[in-house]
There are 2 protein chains.
Amino acid sequence: MAEHGSGDGTVAKALAVMDEVAAFGRPVRFSEILDRSPFPKATLYRFMQVLTKQGMLHYDPDRQTYAPGLRLVRLAHAAWQTSSLAPIARPHVDALSQAVGETVHLAQLDGAQVLYVDKRNARQPVEMYSAAGKVGPAYCTGVGKAMLAFLPEPQLAGAIAQQSFHRFTGHTYTDETALRAELAAIRARGHAYDREEHEPGIICVAVPILTRAGRVLGAMSVTSTTARETLVGLERHLPRIRAAAEAIAAEAQDWRFPDAAE
Amino acid sequence: MAEHGSGDGTVAKALAVMDEVAAFGRPVRFSEILDRSPFPKATLYRFMQVLTKQGMLHYDPDRQTYAPGLRLVRLAHAAWQTSSLAPIARPHVDALSQAVGETVHLAQLDGAQVLYVDKRNARQPVEMYSAAGKVGPAYCTGVGKAMLAFLPEPQLAGAIAQQSFHRFTGHTYTDETALRAELAAIRARGHAYDREEHEPGIICVAVPILTRAGRVLGAMSVTSTTARETLVGLERHLPRIRAAAEAIAAEAQDWRFPDAAE
DNA sequence: TGTGCAGTTTCATTATTTGAAACTTGGTTT
DNA sequence: AAACCAAGTTTCAAATAATGAAACTGCACA
């Protein structure tokens with residue numbers, strides 16, 4: 001089934017093809033897409049022609065392969081700049097990463113998934129699309145749980161319904177009941193932990209970024225490894241993380257994501 | 001043959017709407033797009049509905065504004081990973097930026113424009129016109145000229161024809177003749193300079209990334225400011241930059257951008 | 001209560017998309 | 001060298017989706 005509210009419409013179909021190509025993570029032959037596509041050969045062929053002509057796909061004539069095109073990178077830059085928290089959060093993320101010396105993640109909810117929109121590594125100053133654009137599961141990451149915990153019930157139910165509950169490690173929450181208990185604890189506490197739930201050896205402390213009205217804008221986390229740190233050790237950064245999250249929330253809501261007027 | 005604008009496919013029209021929205025660089029009202037769009041109200045309205053439903057646009061019901069959606073960021077991540085040099089180049093760019101301590105850019109040619117695909121900031125970052133996904137002019141940037149200089153004539157002519165030759169600073173080359181002379185010098189020398197041609201106070205040294213057959217894959221540059229450095233000073237990094245460019249070229253061509261077999 | 005504007009819906013008309021099948025191309029087998 | 005095969009490309013009548021003028025809604029302001 002389509003991941004997006006797949007309706008009819010030629011545009012939706014073409015975008016489904018884009019997803020298909022992007023999912024491969026490598027240049028791909030026409031027939032490989034054809035195999036996994038509901039469209040007949042001629043139809044798919046025409047779509048890929050159009051998408052290529054439009055710069056959404058890049059065609060390599062020597063290898064006869066298609067890959068996502070560079071027009072996408074340009075469009076995404078606009079998306080990143082105008083619909084993500086990243087540009088607003090940037091100075092705060094910078095300052096936080098300087099102060100704590102660990103990897104910092106900034107994420108937003110995209111449907112039921114976590115979308116990372118910015119990142120600072122422990123060492124290197126700035127990377128961009130290397131992290132921005134990556135998606136991860138919501139139910140077993142610090143930022144994911146921090147956001148889910150503050151979602152209003154109807155949305156939360158929808159998001160939970162879409163979680164895979166795959167067991168990545170021995171610490172992964174693998175059912176709704178366990179996750180909901182964890183979310184209640186997070187709500188009470190104000191921050192979330194990742195206790196090696198997604199990757200062994202990786203731990204983090206995460207806080208949500210909330211408007212004054214309590215609407216979830218995103219989340220931010222400080223990550224480390226069990227080799228270097230403990231959760232208790234990471235917790236000493238909490239005041240700084242909170243302060244950064246609040247600063248981001250304040251700016252974001254004044255500038256770009258205001259709560260609904262009442 | 002009927003003439004409705006460009007009578008092209010529906011997909012192309014929808015993408016044109018995406019461009020329109022992205023071009024604003026801020027959330028935008030329906031009527032603002034309507035003003036600049038060849039489509040009648042109902043048609044445009046439906047397009048924006050579909051694009052929103054597809055996650056290509058994000059609609060803010062409170063403000064009644066549209067912005068490029070987060071689905072783009074996800075798709076672009078795939079594009080960046082599979083059709084750009086960045087993932088291959090990454091370790092080399094890291095090492096270079098560590099070694100030289102200045103801002104490093106990795107760029108590719110997207111049509112006649114320079115598309116920045118990766119970047120490492122200097123230890124003390126200077127706010128500057130560039131970032132992954134951003135585009136810039138080819139005729140007045142170090143990376144742009146480094147790539148143009150090694151383009152085969154037919155492509156070069158096409159690219160030059162599309163340059164605006166806008167005079168950004170007193171040093172900008174503003175016509176084809178001057179640019180071609182500069183490109184010849186670059187070809188002879190093997191590397192390009194930016195002598196404050198795009199932004200006052202910003203200088204760089206750039207080298208092309210070429211396959212064994214001489215095909216242009218991209219370019220890499222080390223940038224600084226006149227306040228801190230001179231071109232002669234930057235030149236001492238050339239051996240390192242060259243080495244990095246060659247390493248990237250070697251890996252790229254073995255792995256993903258092979259020259260056409262003969 | 002009325003006027004104007006921004007956004008939304010309707011529906012008969014029209015043009016675009018569709019896809020089975022035929023065709024072309026380049027490489028491999030007999 | 002002829003026959004074969006697989007991958008990719010083109011064709012064309014039928015089916016479907018897009019179109020856009022106009023009517024409608026809801027809201028702000030007079």
Side-chain angles (χ1 to χ4, degrees), chain A residues 2 4-21 24 26-54 56-69 83 258-262, chain B residues 1-21 24 26-69 258-262:
Chain A
H4 267 275
S6 79
D8 36 358
T10 318
V11 174
K13 293 177 203 165
L15 289 173
V17 173
M18 283 303 305
D19 276 343
E20 214 89 61
V21 174
F24 269 84
R26 62 170 171 79
V28 72
R29 280 201 125 65
F30 173 76
S31 57
E32 294 181 281
I33 298 295
L34 183 58
D35 290 344
R36 239 134 306 233
S37 159
F39 306 114
K41 208 158 47 156
T43 304
L44 182 67
Y45 178 72
R46 257 177 288 108
F47 273 138
M48 296 187 68
Q49 290 268 95
V50 170
L51 289 169
T52 301
K53 197 170 155 198
Q54 291 298 314
M56 294 293 280
L57 290 176
H58 174 79
Y59 180 65
D60 177 345
D62 299 328
R63 308 232 122 189
Q64 297 193 131
T65 57
Y66 295 85
S83 341
D259 286 318
E262 316 223 354
Chain B
M1 43 191 67
E3 65 111 330
H4 273 140
S6 62
D8 252 333
T10 318
V11 174
K13 294 177 203 167
L15 289 173
V17 173
M18 283 302 306
D19 276 343
E20 213 89 61
V21 174
F24 269 84
R26 62 169 171 81
V28 74
R29 279 199 125 62
F30 173 75
S31 57
E32 294 181 282
I33 299 296
L34 182 58
D35 290 344
R36 245 134 298 236
S37 158
F39 308 114
K41 211 159 46 156
T43 303
L44 181 67
Y45 179 72
R46 256 176 290 108
F47 273 139
M48 296 187 68
Q49 290 266 96
V50 169
L51 289 169
T52 300
K53 194 171 160 196
Q54 291 299 315
M56 295 293 280
L57 290 177
H58 173 78
Y59 179 66
D60 177 344
D62 299 328
R63 305 235 126 185
Q64 296 192 129
T65 55
Y66 295 86
D259 285 317
E262 317 225 352

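Labels below follow one simple rule: chain letters A, B, ... track the order of the sequence lines, proteins then strands, and each chain is numbered from 1.
For the pair L51(B) CG and dA18(D) C1', the computed distance is 14 Å after rounding to whole Å. Between the P atom of dT11(D) and the NZ atom of K41(A) lies a distance of 15 Å, rounded to the nearest Å. I33(A) places its CD1 atom 15 Å from the P atom of dA7(D), with the value rounded to the nearest Å. In this structure, F39(B) places its CZ atom 20 Å from P of dA17(D), rounding to the nearest Å. The NZ atom of K13(A) sits 10 Å away from the P atom of dT17(C) (whole-angstrom rounding). When the P atom of dT10(D) is taken as reference, atom CD of Q49(A) falls 7 Å away, rounded to whole Å. Distance, F30(A) CZ to dT25(C) C1': 15 Å, rounded to whole Å. Computed from coordinates, the F47(A) CZ to dA17(D) C1' distance equals 11 Å when rounded to whole Å.
Contact between the side-chain N/O atoms of T10(A) and the OP1/OP2 oxygens of dT17(C) is not found at any separation under 4.0 Å. Between Y45(A) and dT9(D), a side-chain N or O to OP1/OP2 separation shorter than 4.0 Å is present.
At the heavy-atom level, R29(A) lies under 4.0 Å from the strands shown only through sugar-phosphate atoms.
How far NZ of K41(B) is from OG1 of T43(B): 12.0 Å, rounded to the nearest 0.5 Å. Atom CD of Q54(A) sits about 8.5 Å away from atom CG of D19(B), to the nearest 0.5 Å.
Comparing S31(B) and R46(B), the nucleotide of DNA chain C nearest to each residue sits closer to the 5' end for S31(B).
M56(B) is not listed as a side-chain neighbour of M18(A), based on a closest heavy-atom distance of 4.5 Å or more.
In this pair, Y45(B) and F30(B) present their aromatic rings perpendicular. The plane angle is above 60°, beyond the 30 to 60° band.
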